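A short worksheet on the structure shown next.
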Amino acid sequence: SLVMSDSTGCSVAADLLRPVVIDSLHVTIGGIPDVLCDAATLTLEPQVVSVAAERMGQTLTYKWDAPAATANTPRMIKAFSGEGRYPVQVRVQLPYGCVQTAYDTVRIRRTVRGSIKGSPETCAEANVQFTASIPDAAASFTWLLPDGSTSTQLSTPVQSFKDSGFYPVRLAVLHDGCADTAVTKLWVHANPVIAFADNNPFVCLGKNIQLSASGGVRYQWSSEQPI
C-alpha cells in the first residue's frame, strides 16, 4: 500500500492496483545423462525456479541453441551422433523482463568393440584357446568362459569340453563407461564311436585275417606287433 501526506499533515492510504513482484530466476538444463555412448536422442528440459512461473502461473519464453538446431519451445528434442562434446544453451525470459541463460555440454563417448580370434570348432576333450583383439589399448576387457570362469589375459586359459554341443564364449569390453560384449559359439563335435569287428578272434601263424571298422570317415590302422 501507499501512504501520501500533504503539508498540513493530512494523509491517505491507497492500495496498488497490482502487487509488486520481486522475483529471482534460476535456470539449469536437465535431461542429460552422465554416460552416452555413440549416439543418443535427448529431450532437454530447463529446470526453472521462479516466483512468477511457480506461484503466479506466468508464461515464460525460451530460446534453445544447440549444434545445427534451435527451438523456442519449453523442451528441445535433439539427436547427437559421434564421439565429442556438444554445447547446448537455453535462454529463459520472464514477462517482467528478467532473463537468464543456462549452459551445459552433451558428451558422447565411443564404444570400443572387441573381437574373438580362435577356431569355431573343436573335438570333445581337445584343447582350445581364444585370443582377444582390442582396437584401443585404453579399454579393459574380461573373458566370460563357458565353465563359469573369467580371465583378463589377452588369451584365454586352455579349455576342453567333454560333451558335444555349442558353448558361448564372451568377451566383455569396457571403455570410458561404454560397454560391449562380443560372442562366439564354439561347436564341440562328439568323438567318433568306432565299431571294431573281426571274423575270427583266433588265427594261425602265417594265415590271413580280415579286420573291419565303422563309425568314422578316415581310418589309420596300427598294432603293437608288426603286421
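For this chain, numbers begin at 1 and follow the sequence in order. Quick caveat: nothing in here was measured; it's all calculated off a predicted structure.
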Steps toward side chain to side chain contact (heavy atoms under 4.5 Å, CB included) verdict (V27, Y62): CA-CA 11 Å; V27 182; Y62 306 88; over 6 Å; no
Step-by-step side chain to side chain contact (heavy atoms under 4.5 Å, CB included) determination, L171 to T181: CA-CA 5 Å; L171 176 65; T181 301; over 6 Å; no
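Looking at I32 and L44, their side chains come closer than 4.5 Å, going by heavy atoms from C-beta outward. Residues T156 and S151 form no side-chain contact, since every pair of their non-hydrogen atoms from C-beta on lies 4.5 Å or further apart. Residues R107 and D176 meet the side-chain proximity criterion, which asks for heavy atoms closer than 4.5 Å. At a threshold of 4.5 Å between non-hydrogen side-chain atoms, the residues W143 and I116 count as touching. H175 places a side-chain heavy atom less than 4.5 Å from the side chain of D136. The side-chain heavy atoms of R91 and T101, taken from C-beta on, include a pair separated by under 4.5 Å. Side-chain contact between K78 and L42: absent, with no pair of heavy atoms (C-beta onward) separated by less than 4.5 Å. Under the 4.5 Å side-chain criterion, counting only non-hydrogen atoms from C-beta, P74 is not in contact with P46.
Scanning all heavy atoms of the two residues, the minimum distance from V183 to P168 falls at CG1-CB, 4.5 Å. Here the closest heavy-atom approach between residue L25 and residue V92 is recorded as CD2-O, 3.6 Å. In terms of heavy-atom proximity, T111 sits nearest to A179 at CG2-O, 4.0 Å. Minimum heavy-atom separation, F130 to T184: CE2-CG2, 4.4 Å. Pairing each heavy atom of C123 with each of N191, the nearest pair is CB-OD1, 3.6 Å. Taking both residues in full, the closest heavy atoms of I108 and Y86 are given as CG1-CE1, 3.6 Å, listed atom of the first, atom of the second, then distance.
The number of heavy-atom neighbours closer than 6.0 Å to CD1 of I77, taken from other residues, nucleotides and ligands shown, is 12 or below.
V112 is connected to L154 through a chain of hydrophobic side-chain contacts under 4.5 Å among Ile, Leu, Val, Met, Phe, Trp and Tyr, so both are in one cluster. Residues L174 and L144 are members of separate hydrophobic clusters, defined by side-chain heavy-atom contacts under 4.5 angstrom among Ile, Leu, Val, Met, Phe, Trp and Tyr. No continuous path of hydrophobic side-chain contacts links L36 to V173 [ILVMFWY only; heavy atoms under 4.5 Å].
Distance check: T73 OG1 to K63 NZ gives 11.5 Å after rounding to the nearest 0.5 Å. Note that CD of Q93 and OG1 of T59 are 12.5 Å apart. Values are rounded to the nearest 0.5 Å. Atom NZ of K185 and atom CD of E121 lie 14.0 Å apart (nearest 0.5 Å). Atom OG of S164 and atom NE2 of H189 lie 9.5 Å apart (nearest 0.5 Å). Rounding to the nearest 0.5 angstrom, the gap separating the CG atom in L60 from the OG atom in S50 is 5.5 Å.
At distances below 3.5 Å, not a single donor-acceptor pair connects side-chain atoms of Y167 with backbone N or O atoms of L145. Counting only distance, with no hydrogens or angles, the side chain of W187 and the backbone of P120 share no donor-acceptor pair below 3.5 Å. Under a 3.5 Å cut-off, the side chain of Q159 and the backbone N or O of V128 do not form any donor-acceptor pair. N127 contributes no side-chain N or O that, together with a main-chain N or O of V158, makes up a donor-acceptor pair within less than 3.5 Å. When atom types are taken as modelled, the side chain of D65 and the backbone of Q89 share no donor-acceptor pair closer than 3.5 angstrom.
Residues T131 and S155 have side chains that bring a donor and an acceptor to within less than 3.5 angstrom of each other.
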